[in-house]
Every structure is written in C-alpha cells, then in structure tokens.
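The block underneath contains the structure these notes are about, expressed in structure tokens.
All chains are named by letter (A, B, ...) in the order of the sequence lines, taking the proteins before the strands, and each is independently numbered beginning at 1.
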Amino acid sequence: MELGQATETARFAETALPHLDAAYNLARWLTRDPGDAADVVQEAMLRALKFFGGFRGGNGKSWLLAIVRNTAFDWMKANRPAEIARFVPGGTGEDEHDIENIAFEGDDPEAALIRAGDRRQLDGLIEALPLEFRECLVLRELEELSYKEIAAVIGVPIGTVMSRLARARQLMQRGWLKEETR
Amino acid sequence: MMREIDHLEVRNLLHAALDGELDTLDMMRFEAHLSDCTECTAEYARLSALSAAIRERVPRYAAPAELRDALLQSLMPREAEPPKVVPFPASRLQRWLRPAAGGFTLGAALAASLAVMIATRNVENAVTDSVVTAHIRALQPGHLTDVQISDQHQVKPWFDGKIDFAPPVKELSDQGFNLVGGRLDYIQGREAAVIVYRRKLHMIDLFVTRSDHAGSGAEPAPAPRTTPSGYNVEHWTDGGLDYWAVSDLNRNELADFAKAWQGR
C-alpha cells in the first residue's frame, strides 16, 4: 500500500516537476509578486497531487497550468477581491469602452514607461493588462502554448482565446508605440 | 465590397498567422492578401516586432531554488539519500556512484532478461526511460554537476581517469547552448559521461556511453521522442559512442542542439 503510494508520488513528480518553472512563471505574472507566486504554486502542487488520480495522461503542462491558474484566482479572490472583481470570466474583450476604462486602471502605462527602461517597460505594460488578457499573453508569448492548450488552461473556447490575445497585443502596442514615438 | 470583406477577415487572421495557428490554405490566402495590402503588411510587421520584443526581453521567471527544494523534499524525501555504509572515506564522486552501483546490478539483470525477451526497440525505450530518470534525479539540488565549469578545456580533462573513454566536450555557446559542467552517471549498468548545457532556463543533459555497435560508424538518429512526462530525448551514435540528449526544452530546440553538436 505504502509502496503503491510512493510509486504514485514518483509518477506525479515526474509529470509535474518538469513544469515547475512554467507554473511559477504563470503564478508570478498573475499575482505580480514573487512571494505570493510561491504560495500559489505550493498550494497548486498540493491540489495537483490530490487530483493526480484523475489525470489520464496527455498534456501534463496544460493540466498543471490549469490547476495553477485556478489556484491563483482563488488566492486572489481571498486576498485581493478588488482586483478579481474587475475580471470578466467569459468576456471576450469585445466591448471597447469597458477596456478603455479598466485597461490601465491603478497602473498607468505612462507611469510604467517613466518608471522604467526598455525591458522594465514591457514588463510594466504586461503587469498593467487586465487579468484575462494578461494570462493569455503570458501563456502564448512566454510559455509558448498553442491556442488549444491556452483554451484548456483557461477553460474558454478557442475563439475567446483569439480575441483576448488580439486585445492584449493591441493594448501592449498602444503603450509601446507611445514610447517609440516619444 | 469583396475586397473589403477579405480585408476585414484578414485583420482577424493576423494574430493566428503570427502564432502559427493557420492551416495551409488560410496561410496561402493570408499571404496573398499581404502581398497587395500595405496596411495589413505594416500591422503584421508591428505585431511581429512586439511579439519578438516580449519573447526577447520579458523574463520567464524560474521557480526559486527554495520552492523547488521544498517541493522535492515533500515529494521524494529519501530518493537523494546515499546509503549509510561507506567503507572508504567518501569523496563526492564515490557518494555519487554508490547509489548508482546498486542500480547497476538491477540494471544489468534487467538488461540481460530484456535482451532475451524483447526486440531492440524496447531496449531502446528502456534506455530512454533510464536517461530521463537520471536527468530528473540530477535536477535535484546539488546533483546537477560534479564539475561546474563552463570551459570545454577544463571539463574534458575532468573526465580523464574517471571513465575508460574520452567523451568529446564541445563549446556551443555561440549557438545559444552554454556549457555548464559535467558529471558521471550510470545508464543501464553502463558508465556514462554527462555533459551539462543550459539553454535559457532549460538544462540539457548529454549522456555519452560506449556504443554496443562500436566500429559500425555513424548511424542515422531515430526520430526524436517525447516521453509521457514531457521530456524530450534525442539519440544518436557516432564514433563508437552513444549519445542521448535529454531536456524539457521543446523538441525543435533540442533537435537544434543535436544538430549543432553533430555539425562540429
């Protein structure tokens, strides 16, 4: 019995640990804080181990990132309710007016630009994106997931992934071009 | 009017094209449109530049060592512990080899029975499993490299006298693969030199062992493999030595590594 459990844990370690950096990176960009990200990842790994029996093989990275993502959202609901309140779960970002209003609230891109050099500027712009756009962009550009994988992680249709990604890039570009033409 | 519809449709395809998500037919239509629409061409160039800038300059944060250690400790607390009985003063190398020596007997017995019972291909799979396991074991703290030097002229002599063959050590940093160091390991009961490289945040272990089919010269490498755990493995044989490159690096980049190595 104990041996079986040890084997299961070893199998879990082999599935999950290769994606530990990806898990941390996602948590880090969602929470925007290194300490909070570590907490989220630790909690997510516990959940993942618990749910591992239900993992039927296949894409271990998407599976783990979905758990990290949900853990991060739960964590923010508990610790930063204001931030999560602005989040639109099924929203595609098609309502231009809404985006204009929430896009850089609390962290103005101008401020991010002034605060920062070139790399810091891009970091700041990503951090200023609303959650639903930020997670798409990070999963695509930094974790190099396909649309299908991103859809699986976030739990929305592929079409929604496409429009959120387009919006995320549009918002990024706006801040970025501002800097270039300065 | 028709042109207008095409144009609007293509604007929506820009991102999918950039992300490699278009099928061949749509990609052809997309390229045809770009060739006579300066507006879309310019927008596509801007999006590509933004995407490239993000990938190049924005950090992909790596898990802190303390977090990794804490998780490893809770998941496999005893895996890394060496046996207690040590007749000689234990050097770092001996500590390393001792658990592997236990695996040696088991590995040899397993290999012997496998050789009788099943085809070469399955033996190859067993070797693949074995190098992946060794790679994962090595990712545990303190086990990655026994010699931590990024200069090929120092890594190469380090192997002298420790194994009975001379693994070539190559400098590939100009192709984005930085030499980190080396260590010794056992793969299926066989001594292996491991040369460790790093690509961005990904570690690559290159296992080198004496080949079974020594003298038969270079052989075409089998197709690259992805293990269920998500590691990629590239295998090739050259000059009487077997090579396995193992990493969580994506398939294409690991294939580039194998090519870069063999190209020199």
Fill in: Heavy-atom check, side chain of A:Leu142 versus side chain of B:Arg55, under 4.5 Å
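Side chain of A:Leu142 against side chain of B:Arg55, heavy atoms only: no contact under 4.5 Å found.
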Worksheet item: Should B:Val58 and A:Val138 count as side-chain neighbours, where that means a heavy-atom distance under 4.5 Å?
Response: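 No; the side chains remain at least 4.5 Å from each other.
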Discussion item. Quick check against the 3.5 Å criterion: does A:Asp21 have a side-chain atom that pairs as donor or acceptor with the backbone of B:Ala63?
Written reply: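 It does hold such a pair.
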Just how far is it from atom [atom1] of [X] to atom [atom2] of [Y], taken to the nearest 0.5 Å?
X        : Y        : atom1 : atom2 : result
B:Leu72  : A:Leu17  : CG    : CG    : 5.5 Å
A:Tyr24  : B:Arg60  : OH    : CZ    : 12.5 Å
B:Ile54  : A:Met172 : CD1   : CE    : 4.0 Å
A:Gln173 : B:Glu43  : CD    : CD    : 5.0 Å

Using non-hydrogen atoms only, which part of [X] is less than 4.5 Å away from chain B: side chain, backbone, both, or neither?
X        : result
A:Leu26  : neither
A:Leu49  : side chain
A:Ala22  : both
A:Arg140 : both

Discussion item. I need the residue from A:Arg11, A:Arg28, A:Lys61, A:Met162 with the largest number of non-hydrogen atom pairs under 4.5 Å to chain B.
Written reply: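 Of the candidates given, the most pairs with chain B belong to A:Arg28.
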Worksheet item: Mind checking whether A:Trp29 and B:Tyr61 have parallel, tilted or perpendicular rings, split at 30° and 60°?
Response: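 The rings of A:Trp29 and B:Tyr61 sit tilted, inter-plane angle from 30° to 60°.
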Discussion item. Check A:Lys148 with B:Glu21, please: is the shortest side-chain N to carboxylate O separation under 4.0 Å?
Written reply: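 Looking at A:Lys148 together with B:Glu21, the answer is no, because their closest N to O distance does not fall below 4.0 Å.
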Practice prompt. Salt-bridge test for B:Arg57 and A:Asp123: reply yes if a basic N is under 4.0 Å from a carboxylate O, no otherwise.
Written response: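 Looking at A:Asp123 together with B:Arg57, the answer is no, because their closest N to O distance does not fall below 4.0 Å.
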Discussion item. If you count heavy-atom pairs within less than 4.5 Å of chain A, which of B:Asp19, B:Leu18, B:Leu14, B:Leu50 leads?
Written reply: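 Ranked by contacts with chain A, first place is B:Asp19.
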Worksheet item: What residues of residues 38-45 of chain A sit under 4.5 Å from chain B when you count only heavy atoms?
Response: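 Interface residues of residues 38-45 of chain A: A:Ala38, A:Val41, A:Gln42, A:Met45.
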Item to complete: Check each atom of B:Ala53 against the heavy atoms of chain A and say whether the ones under 4.5 Å are side chain, backbone, both or neither.
Response: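 Both backbone and side chain.
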